[in-house]
Chemist: 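One structure, pasted below without further comment.
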Amino acid sequence: MIENILNKKICLALNDIYNINVNPDIILVQQTRVEFEGDYTVVVFPLLRYSKKNPEDTANDIGEYLTKNLKEVKSFNVIKGFLNLVIDDNFWIDFFNLNFNNDNFGIKPQEKSSKPVVVEYSSPNTNKPLHLGHIRNNLLGYSVAEILKANGKNVVKVNLVNNRGIHICKSILAWKKWGNNETPESTGMKGDHLVGKYYVLFETKYKEEVKKMVSEGIFNEEEAKKNAPLLLEAQEMLRKWEAKDKEVIDLWTMMNDWVYKGFDVTYNRLGIDFDKIYYESDTYLLGKELVNTGLKNNFLFQKPDGSVWADLKDKGLDEKLLLRKDGTSVYITQDLGTAKLRYTEYNPEKLIYVVGNEQNYHFDVLKLILEKLGENWFQIIHHLSYGMVELPHGKMKSREGTVVDADDLMDEMFSTARKTTEELGKIKDFSEEKANELYNIVSLGALKYFILKVDPKKNMMFNPEESIDFNGNTGPFIQYTYARIQSILKKAGNSNNIPDYDGIKINKKEKELLKLLYQFPEVITQAGKDYSPATIANYVFTLVKNYNKYYQEVPILKVDDNNTKNFRVLLSEFIANVIKTSMKLLGIEVPVRM
RNA sequence: GGUCCAAUAGCUCAGUUGGAUAGAGCAACAGCCUUCUAAGCUGUGGGUCGCAGGUUCGAAUCCUGCUUGGAUCACCA
């Protein structure tokens with residue numbers, strides 16, 4: 001990178017001019033702000049204590065040294081304590097020449113024999129359909145996996161489906177009681193929605209029961225909640241499930257299959273996938289052994305009732321239950337087991353969990369317990385903690401029906417895409433099939449970009465009353481720019497010769513574009529370090545915004561000079577390529593026409 | 001109550017390890033299609049970067065306190 005070259009040369013300059021050695025870290029080289037002349041800026045304030053001169057003189061000293069000793073630096077200017085360096089156009093043209101043709105520009109080659117990075121995401125419960133919160137999780141997980149791949153990592157995408165437990169029994173019980181043998185086929189409902197319907201029904205009936213019990217005056221609310229017959233029945237069903245009771249297992253298998261099929265449809269439509277799917281029914285017993293060994297080694301302790309605990313008070317946390325007095329395991333016990341399983345299964349470089357920030361405490365505890373158990377690899381665990389999707393009235397709550405359903409949302413986006421496209425009337429020659437494909441690409445582009453452009457760590461707002469925009473800083477805007485370029489390329493034909501670079505003069509806007517393109521590999525690196533699709537999204541938006549200005553103001557095909565025309569066409573193609581790559585990292589497709 | 005996170009334009013969000021006059025989009029208003037796709041471009045207005053201190057050449061960014069909002073502190077997952 002040119003920044004590094006400048007940094008090193010400035011070190012040499014300081015040595016030559018002032019006869020001092022400085023830590024390269026204190027030399028700050030950054031992009032020059034657009035309102036000033038220059039490409040890179042050196043902030044000289046930190047260097048004054050070494051130069052023992054005022055900012056202007058110090059900057060001039062270094063500027064002169066660099067123009068003399070570095071062919072890339074053409075000239076410089078000094079404003080206040082800022083040394084603005086102008087890079088020779090040939091540097092940008094060389095960069096263009098070397099990379100415009102590279103379809104994989106910015107993508108690092110896969111590291112050979114590198115340990116895999118395991119990314120867990122999605123991890124749904126099979127008692128209700130996916131909602132907007134899951135969409136954020138899924139999109140983040142998928143995109144982060146793509147970004148890590150682009151950084152040369154060997155990525156394994158896994159999903160741990162939570163298919164057992166009391167909440168699943170609730171759906172099953174409600175269906176058994178009031179379902180009249182409804183099936184996805186008989187009702188035409190998607191399986192996950194059908195099962196979700198019975199989960200909601202259970203909650204409704206359960207609440208009625210509790211209310212009734214309280215009004216009868218025998219129980220207070222808390223007791224009623226624990227003793228409602230429906231709940232007891234569900235708990236009994238869970239015990240039967242654990243005892244492998246055939247009737248329960250059969251029901252469970254059937255209803256889970258409905259849900260899996262429903263999820264597959266949603267996943268497919270969202271364009272996400274997994275290399276491996278774990279089921280909690282297979283993993284929920286893991287971890288017991290780990291805990292028992294820990295107990296034997298006195299890393300853990302047992303209470304008089306026989307329950308097993310980890311004491312985390314020395315870490316500033318509390319005690320944490322790991323095995324109930326009856327020896328059954330809890331959620332975290334299972335997670336300890338699956339973490340260990342993955343560690344031995346993959347020998348990974350990192351274990352990444354895409355899980356909401358509501359579970360921050362859980363992951364802190366998880367790591368501390370693993371450490372306590374002597375599992376020193378615990379440090380490879382990274383909780384990719386993302387913020388909640390909030391609605392104007394607050395958080396989404398399944399039980400209160402304030403969720404934005406994933407399938408519904410995609411349907412709505414699809415209709416909006418169709419409506420907008422029809423109004424614009426640009427694809428009247430498309431077959432219905434091709435048109436639908438486009439609506440799909442555009443609607444998903446809008447949805448995905450809307451979610452991924454926000455910093456994963458932050459909570460985000462979604463207002464169901466306002467449809468997701470198609471103008472401005474949006475997926476369709478970026479897709480549109482790509483399509484525009486494709487149109488230009490089509491009109492330009494295949495006859496573009498490689499331009500004669502000696503004859504090329506790049507204008508200011510072209511230089512800005514080349515500088516942005518130059519940054520792309522670094523952007524991918526940064527996005528990988530931060531696990532942040534938003535970094536990519538913001539970058540590609542800036543690139544596209546700049547290109548649209550260029551497109552508006554600079555003729556590309558309508559220039560007489562063939563050399564200039566070829567250069568502009570190829571520059572456009574280069575940009576389209578980077579748009580496509582960026583969007584791919586976000587899991588978004590780009591259309592040739594729209 | 002303890003712990004953690006957040007607070008930037010009317011709304012939704014950017015803002016790299018502290019650097020120049022804090023940026024986009026939406027919404028509002030005013031312009032630009034006989035010219036490469038107007039899902040676009042140009043312009044105008046819009047800010048006590050939650051509040052108060054501190055650190056220093058320099059703070060939206062780091063530290064302390066406070067206010068507000070959220071999460072969490074289950075023998076739920």
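We name chains A, B, ... by the order of the sequence lines, and we start the count at 1 in each one.
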Chemist: How many whole angstroms separate atom CG of A/L312 from atom P of B/G2?
Modeler: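 After rounding, the gap between these two atoms is 21 Å.
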Chemist: Write down the distance separating the C1' atoms in B/A59 and B/U17, rounded off to the nearest Å.
Modeler: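 Those two atoms are separated by 14 Å.
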Chemist: In chain order, what residues pass the ring pair (Phe, Tyr, Trp, His ring centres under 6.0 Å) check against A/Y40, with sequence neighbours excluded?
Modeler: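 Scan of A/Y40 (ring pair (Phe, Tyr, Trp, His ring centres under 6.0 Å), adjacent residues dropped) gives none.
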Chemist: Give the minimum heavy-atom separation between A/N151 and A/T525, together with the two atoms involved.
Modeler: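 Closest approach of A/N151 to A/T525, heavy atoms only: OD1-CA, 3.3 Å.
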Chemist: Go through the side-chain N and O atoms of A/D39 and A/T32 and say whether any donor and acceptor fall under 3.5 Å apart.
Modeler: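 Looking only at side-chain atoms, A/T32 and A/D39 do not form any donor-acceptor pair under 3.5 Å.
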Chemist: Which side-chain N or O atoms in residues 321-329 of chain A pair as donor and acceptor under 3.5 Å with protein atoms at least two apart or in another chain?
Modeler:
{"from": "A/R324", "atom 1": "NH1", "to": "A/T328", "atom 2": "OG1", "distance (Å)": "3.0"}
{"from": "A/R324", "atom 1": "NH1", "to": "A/S329", "atom 2": "O", "distance (Å)": "3.3"}
{"from": "A/D326", "atom 1": "OD1", "to": "A/T328", "atom 2": "N", "distance (Å)": "3.0"}
{"from": "A/D326", "atom 1": "OD1", "to": "A/T328", "atom 2": "OG1", "distance (Å)": "2.6"}
{"from": "A/S329", "atom 1": "OG", "to": "A/Y284", "atom 2": "O", "distance (Å)": "3.2"}

Chemist: Rounded off to whole Å, could you give me the CZ-to-P distance for the A/R33 and B/G19 pair?
Modeler: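 Atom CZ in A/R33 sits about 10 Å away from atom P in B/G19.
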Chemist: Roughly how far apart, to the nearest Å, are B/U12 and B/A7 at atom C1'?
Modeler: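 Taking atom C1' in both B/U12 and B/A7, they lie 14 Å apart.
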Chemist: Between B/G45 and B/G50, how far apart are the P atoms? Round to whole Å, please.
Modeler: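 Rounded to whole Å, the distance is 24 Å.
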Chemist: Using Watson-Crick and G-U wobble pairs with both distances under 3.5 Å, what is the 5'-to-3' dot-bracket string of RNA chain B, with [ ] for crossing pairs and | for pairs outside the strand?
Modeler: (((((((..((((.....[...)))).(((((.......))))).....(((((..]....))))))))))))....
Chemist: Can you list the residues that meet the ring pair (Phe, Tyr, Trp, His ring centres under 6.0 Å) rule with A/H362, with sequence neighbours excluded?
Modeler: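 Ring pair (Phe, Tyr, Trp, His ring centres under 6.0 Å) list for A/H362, sorted by chain: A/Y331.
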Chemist: I'd like the C1' distance from B/A60 over to B/G15, given in whole Å.
Modeler: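 So the two C1' atoms sit 8 Å from each other.
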Chemist: Within a reach of under 6.0 Å around CD of A/E222, are more than 12 heavy atoms found that belong to other residues, nucleotides or ligands?
Modeler: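 Atom CD in A/E222 is not crowded, with 12 or fewer foreign heavy atoms closer than 6.0 Å.
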Chemist: I need the full list of side chain to side chain donor-acceptor pair (under 3.5 Å) pairs touching residues 531-541 of chain A, with sequence neighbours left out, sorted by first then second residue.
Modeler: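 Listed once each, the pairs are A/S532-A/T535.
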Chemist: With sequence neighbours excluded, tell me which residues meet side-chain hydrogen bond (donor to acceptor under 3.5 Å, both in side chains) with A/K457.
Modeler: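 side-chain hydrogen bond (donor to acceptor under 3.5 Å, both in side chains) check on A/K457 returns nothing, list empty.
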Chemist: Where does B/C57 land, syn or anti, once you apply the within-90°-of-0 test for syn?
Modeler: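 Anti conformation for B/C57.
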Chemist: Taking atom types as modelled and ignoring hydrogens, do the side chains of A/N256 and A/T126 form a donor-acceptor contact shorter than 3.5 angstrom?
Modeler: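 Yes - a donor-acceptor pair under 3.5 Å links their side chains.
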Chemist: How far does the C1' atom of B/G25 sit from the matching atom of B/A20, given to the nearest Å?
Modeler: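 Between the two C1' atoms, the distance is 25 Å.
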Chemist: Take the protein atom CG of A/N548 and the nucleotide atom P of B/G25, then report the distance between them rounded to whole Å.
Modeler: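 For the pair A/N548 CG and B/G25 P, the rounded distance is 11 Å.
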Chemist: Once the angle between the rings of A/H131 and A/H134 is folded into 0 to 90°, is it parallel (under 30°), tilted (30 to 60°) or perpendicular (over 60°)?
Modeler: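 The rings of A/H131 and A/H134 sit tilted, inter-plane angle from 30° to 60°.
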Chemist: Output the single nucleotide from B/U37, B/C41, B/A20 whose closest atom is nearest the side chain of A/R593.
Modeler: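 The nucleotide sitting nearest to the side chain is B/U37.
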Chemist: If you measure from the P atom in B/U56 to the same atom in B/C4, how many Å do you get, rounded?
Modeler: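 Their P atoms lie roughly 26 Å apart.
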Chemist: Which part of the nucleic acid, if any, lies within contact of A/N163, taking any heavy atom under 4.0 Å across all strands shown: a base, the sugar-phosphate backbone alone, or nothing?
Modeler: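 Since no nucleic acid heavy atom lies under 4.0 Å of A/N163, the category is nothing.
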Chemist: Taking CD1 from A/I79 and P from B/U21, how many angstroms apart are they, rounded to a whole number?
Modeler: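 Nearest whole value for this atom pair: 11 Å.
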Chemist: For B/A24, is there a stacking contact with A/F541, counting only centres under 5.5 Å and planes under 30°?
Modeler: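 No; centroid distance or tilt outside limits.
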Chemist: Apply side-chain hydrogen bond (donor to acceptor under 3.5 Å, both in side chains) to A/N60 and list each qualifying residue two or more places apart in sequence or on a separate chain.
Modeler: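 side-chain hydrogen bond (donor to acceptor under 3.5 Å, both in side chains) check on A/N60 returns nothing, list empty.
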Chemist: Roughly, in whole Å, what's the span from CD in A/Q479 to C1' in B/U37?
Modeler: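 The answer, rounded to whole Å, is 15 Å.
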Chemist: Counting heavy atoms not belonging to A/K303, are there more than 12 under 6.0 Å from its NZ?
Modeler: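 Yes, because the 6.0 Å sphere around NZ of A/K303 holds more than 12 heavy atoms from other groups.
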Chemist: Please tell me if A/S487 has a side-chain N or O lying less than 4.0 Å from either OP1 or OP2 of B/C36.
Modeler: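 No, A/S487 has no side-chain N/O under 4.0 Å of OP1/OP2 on B/C36.
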Chemist: Taking side-chain hydrogen bond (donor to acceptor under 3.5 Å, both in side chains) as the test, write out the residues that go with A/D57, two or more places apart.
Modeler: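 Scan of A/D57 (side-chain hydrogen bond (donor to acceptor under 3.5 Å, both in side chains), adjacent residues dropped) gives A/N54.
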Chemist: To the nearest Å, how far apart are A/K313 NZ and B/U3 P?
Modeler: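 About 17 Å, once rounded to whole Å.
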Chemist: Out of B/C41, B/A20, B/U37, which nucleotide sits closest to the side chain of A/K549?
Modeler: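 Nearest nucleotide to the side chain: B/C41.
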Chemist: State plainly whether the residues A/E203 and A/K128 are in salt-bridge range, i.e. N to O under 4.0 Å.
Modeler: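 Looking at A/K128 together with A/E203, the answer is no, because their closest N to O distance does not fall below 4.0 Å.
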Chemist: Just to be sure I understand the rule, does A/T41 reach a base, reach only the sugar-phosphate, or reach nothing, if contact means heavy atoms closer than 4.0 Å?
Modeler: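 Touches a base.
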Chemist: With nearest nucleotides of RNA chain B determined for A/P476 and A/E390 from heavy-atom distances, which residue corresponds to the more 5′ nucleotide?
Modeler: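 Closer to the 5' end of RNA chain B: A/P476.
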Chemist: Under 4.0 Å, heavy atoms only, any strand: does A/L28 hit a base, just the sugar-phosphate, or nothing?
Modeler: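 Answer is base: heavy atoms of A/L28 come under 4.0 Å of a base.
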Chemist: Starting from the C-alpha separation in whole Å, work towards a yes-or-no answer on salt bridge (Lys or Arg N to Asp or Glu O under 4.0 Å) for A/K508 and A/E512.
Modeler: CA-CA 6 Å; A/K508 195 164 185 244; A/E512 281 307 311; 5.7 Å; no
Chemist: Rounded to the Å, how far apart are A/L384 CG and B/C5 P?
Modeler: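 In whole Å, B/C5 P and A/L384 CG are 16 Å from each other.
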Chemist: Could you tell me the separation between the CG atom of A/D364 and the C1' atom of B/C5, rounded to a whole number of Å?
Modeler: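 Interatomic distance, CG of A/D364 to C1' of B/C5: 12 Å.
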Chemist: Tabulated below should be each protein N or O lying under 3.5 Å from an N or O of nucleotides 56-64 of chain B; please produce it.
Modeler:
none

Chemist: Each nucleotide in nucleotides 10-16 of chain B should get exactly one letter: B, S or -. Can you fill that in based on protein heavy atoms under 4.0 Å?
Modeler: --SSS--
Chemist: Considering only atom C1', compute the distance from B/A14 to B/A6 and round it to an integer number of Å.
Modeler: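 Looking at atom C1' only, B/A14 and B/A6 are 16 Å apart.
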Chemist: Using the six-membered base ring of B/G40, report whether A/Y551 stacks on it, requiring centroids under 5.5 Å and planes under 30° apart.
Modeler: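 The base of B/G40 is not stacked with A/Y551 (the test needs centres under 5.5 Å and planes under 30°).
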Chemist: Base, sugar-phosphate alone, or nothing: which one does A/V592 contact when heavy atoms must sit under 4.0 Å apart?
Modeler: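 Base contact.
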Chemist: Under 4.0 Å, heavy atoms only, any strand: does A/V308 hit a base, just the sugar-phosphate, or nothing?
Modeler: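 Here A/V308 touches no strand at all.
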Chemist: I'd like to compare against my own output: the B/S/- annotation of nucleotides 71-77 of chain B with a strict under-4.0 Å heavy-atom distance to protein.
Modeler: SSS-BSB
Chemist: Rounding to an integer number of angstrom, what distance separates B/U72 and B/A28 when you compare their C1' atoms?
Modeler: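 One C1' to the other, the span is 42 Å.
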Chemist: Could you work out, with side-chain hydrogen bond (donor to acceptor under 3.5 Å, both in side chains) as the rule, every residue matching A/D364, not counting sequence neighbours?
Modeler: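 None.
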